[in-house]
Amino acid sequence: MRSEGLFAPGQAEGRARLCILGAECLKAVYTAFTTGVFFTGFLLYAGMDQVQIGLVTSLPLLAGVLYPLSPLLLEKCRRRKAVLGSARLLYHGLVILCVTLLPGWTEGGSLLWWMAAALFLGNGCNILVASGFPAWHIGFLPENVRGRFFAISGIVNSVFTALATLGASVLADAAKASGRQMYWMGMIRLAAFGLALLEVALLLLPREPEYSRSSVGGFRLLILPFGNRKFCLTMVPVFAWMMVSTMTLYCANAYLLQEVEAGYVFISVLQAMNLVTTAVVMPFWHRLLLRTSWLRAFQKVFLLFPLYPFLHMLVTKSNYLWLLPVTMLVYQAVLAGGTLYFNNMAYLFTPKEDRTAYLSWYLMLVSAGSLCGQGLSALLLKLWPRDWVIGRAAITPAQRILLLQGVLSLGFGAWFGKVLLGKLEGEKKE
């Protein structure tokens, strides 16, 4: 995968791709600081249980219903830079800064709702303009370089994510030992806020294009993607991937921290393996893409993904030192392919002239898939909070959800191959 011309600093397109890559790297770092195991730990230290964590992380996803309204707002703007930048700043201010400060301002049951409100409003601000940045930046990623760019960005992002999580984990374990968990977790999140501000600056640097005017407007623009059968069929695996891949996003981390009692550093060292794993497997996923197609390659990921939850549910306090590394290695190898193929699903059948409208519905389905996956997880934790005891073995709620995650991915992967793939590729040949 040669990248000399892809990021040529002497060309406007090359500089733009460097800015896009840099913004993605910063996003990978601040996302590592503010989501996943660190956000789970932050909420646990704030006094929340697994059910409350599930609620506070899934309820804000309801803001995803605002995505289709994005083109109605953006299509009125011939120059969108100021609107996009302002919305992104407000998003980071509420989702990172405000959430960080809330435990010091309120406590008890009200903390959950204040957290959910800040996340909902912040995500809502971002969602109303969310399709703007992809519609702007995809112009610098034509089809002939898109696969190469996504493959390289996946490898580079894994480097930044690994270094960020490893550094933050050392601080988190030190905070746990000192008894000042909330203080140091807050410092990590404030550092993430600074990186988020830099990300906004990089996102705004590429030259803004002249946007193509849509041939329709108003309500017709809102429902335009429904007339494109190719696009609608492609959104089925998009929704399924987000639902399946995010089901155990927080309950699996809470399981490792509370039931398995694994340390932050140990978990982060395993997450840092993503650096090597992605670099090793990404050429394989790219070759698979060249030999088959975006759709066929993506279908293979659904069939392989269940290996992760089936292994993860077997991790216990007595075997996590060797089984968790194997589990994370499998997860990272499969996720590298899933991320590579998923990134292009939004553009596979999206016409250039109405890209904003299509991307808005795509982003809504991404949010809806996450909401469905995390919401289902939170619901199951609420309905079945106790362990299942079978003989001498106890099956925790988190383990049951991991089992369900694997079964759903395997089932959809089989249906994707037998039914949906034929329809999608049949549509593509038309």
Side-chain angles (χ1 to χ4, degrees), residues 24 27-28 30-32 34-40 42-43 50-70 91-92 94-96 99 112 115-131 133-134 157 161 234-254 298 301-302 305-306 308-309 312 331 334-335 338-346 359-382 398 401-402 404-409 412-413:
E24 288 186 359
K27 182 179 179 180
Y30 74 68
T31 299
T34 58
T35 62
V37 67
F38 295 108
F39 192 38
T40 303
F42 179 76
L43 296 178
Q50 288 193 30
V51 174
Q52 291 175 318
I53 291 172
L55 288 172
V56 82
T57 54
S58 61
L59 285 177
L61 295 171
L62 289 171
V65 300
L66 299 174
Y67 274 118
L69 301 180
S70 178
Y91 163 67
H92 290 317
L94 286 167
V95 170
I96 300 179
V99 166
L112 183 151
M115 284 269 193
L119 290 168
F120 181 87
L121 292 174
N123 280 290
C125 291
N126 188 52
I127 282 167
L128 284 174
V129 296
S131 59
F133 281 117
N157 287 351
T161 302
T234 310
M235 292 302 100
V236 176
V238 165
F239 178 89
W241 175 252
M242 290 307 302
M243 175 183 169
V244 167
S245 64
T246 62
M247 270 190 69
T248 58
L249 191 61
Y250 291 99
C251 73
N253 287 326
F298 196 30
V301 174
F302 279 97
F305 186 80
Y308 156 68
H312 199 135
Y331 173 72
V334 177
L335 193 66
T339 302
L340 172 62
Y341 307 140
F342 179 82
N343 283 338
N344 196 50
M345 291 298 108
L359 289 177
S360 296
W361 279 102
Y362 159 78
L363 291 170
M364 191 200 76
L365 284 170
V366 168
S367 180
S370 297
L371 174 62
C372 188
Q374 295 181 48
L376 177 61
S377 177
L379 177 63
L380 293 177
L381 286 172
K382 181 69 175 178
I401 295 172
L402 283 162
L404 178 61
Q405 181 184 39
V407 171
L408 289 176
S409 182
F412 181 83

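Side-chain atoms are counted along with the backbone in the values below, which use heavy atoms only and exclude waters and symmetry mates.
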In Å, rounded to the nearest 0.5 Å, how long is the span from [atom1] of [X] to [atom2] of [Y]?
{"X": "Asn126", "Y": "Leu94", "atom1": "CG", "atom2": "CG", "answer": "11.0 Å"}
{"X": "Phe239", "Y": "Met364", "atom1": "CZ", "atom2": "CE", "answer": "9.0 Å"}
{"X": "Thr248", "Y": "Gln374", "atom1": "OG1", "atom2": "CD", "answer": "9.5 Å"}
{"X": "Leu380", "Y": "Cys251", "atom1": "CG", "atom2": "SG", "answer": "9.0 Å"}
{"X": "Leu43", "Y": "Leu55", "atom1": "CG", "atom2": "CG", "answer": "11.5 Å"}

Evaluate the side-chain proximity of [Y] to [X]: yes if any heavy-atom separation is below 4.5 Å, no if none is.
{"X": "Val99", "Y": "Phe39", "answer": "yes"}
{"X": "Leu404", "Y": "Leu376", "answer": "yes"}
{"X": "Phe298", "Y": "Met345", "answer": "yes"}
{"X": "Met247", "Y": "Leu402", "answer": "no"}
{"X": "Ile53", "Y": "Thr40", "answer": "yes"}
{"X": "Val95", "Y": "Asn123", "answer": "yes"}
{"X": "Phe412", "Y": "Val236", "answer": "yes"}

Quick check: closest heavy atoms across [X] and [Y], and the distance to 0.1 Å?
{"X": "Val244", "Y": "Gln405", "value": "O-NE2, 2.7 Å"}
{"X": "Ala28", "Y": "Thr161", "value": "CB-OG1, 3.3 Å"}
{"X": "Leu359", "Y": "Ala346", "value": "CD2-CB, 3.8 Å"}
{"X": "Thr246", "Y": "Ser370", "value": "OG1-CA, 3.5 Å"}

Under the 3.5 angstrom rule, does the side chain of [X] hit a backbone N or O of [Y] as a donor-acceptor pair?
{"X": "Ser377", "Y": "Gly373", "value": "no"}
{"X": "Ser367", "Y": "Leu363", "value": "no"}
{"X": "Ser409", "Y": "Phe302", "value": "yes"}

* Which is it for Trp241 and Phe305 under the ring pair (Phe, Tyr, Trp, His ring centres under 6.0 Å) test, yes or no, and what are the steps along the way? -> CA-CA 10 Å; Trp241 175 252; Phe305 186 80; 5.5 Å; yes

* Could you please spell out the steps behind the ring pair (Phe, Tyr, Trp, His ring centres under 6.0 Å) verdict for Tyr30 and His92? => CA-CA 10 Å; Tyr30 74 68; His92 290 317; 5.1 Å; yes

* Assess whether side chain to side chain contact (heavy atoms under 4.5 Å, CB included) is satisfied between Val301 and Val334, documenting all intermediate values. => CA-CA 6 Å; Val301 174; Val334 177; 3.9 Å; yes

* Asked: Run the side chain to side chain contact (heavy atoms under 4.5 Å, CB included) check on Met242 and Leu365 step by step: do they pass?
  -> CA-CA 8 Å; Met242 290 307 302; Leu365 284 170; over 6 Å; no

* To do: Check step by step if side chain to side chain contact (heavy atoms under 4.5 Å, CB included) holds for Leu408 and Met243.
  => CA-CA 9 Å; Leu408 289 176; Met243 175 183 169; 4.0 Å; yes

* Give me the ring orientation class for Phe342 and Tyr362: parallel if the planes are under 30° apart, tilted from 30 to 60°, perpendicular past 60°. =>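 Correct class here is tilted.
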
* Parallel, tilted or perpendicular: which describes the rings of Tyr308 and His312, with under 30° parallel and over 60° perpendicular? ->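 Because their plane-to-plane angle is over 60°, the rings of Tyr308 and His312 count as perpendicular.
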
* **Candidate pair Lys27 and Asn157, rule side chain to side chain contact (heavy atoms under 4.5 Å, CB included), full reasoning** => CA-CA 9 Å; Lys27 182 179 179 180; Asn157 287 351; over 6 Å; no

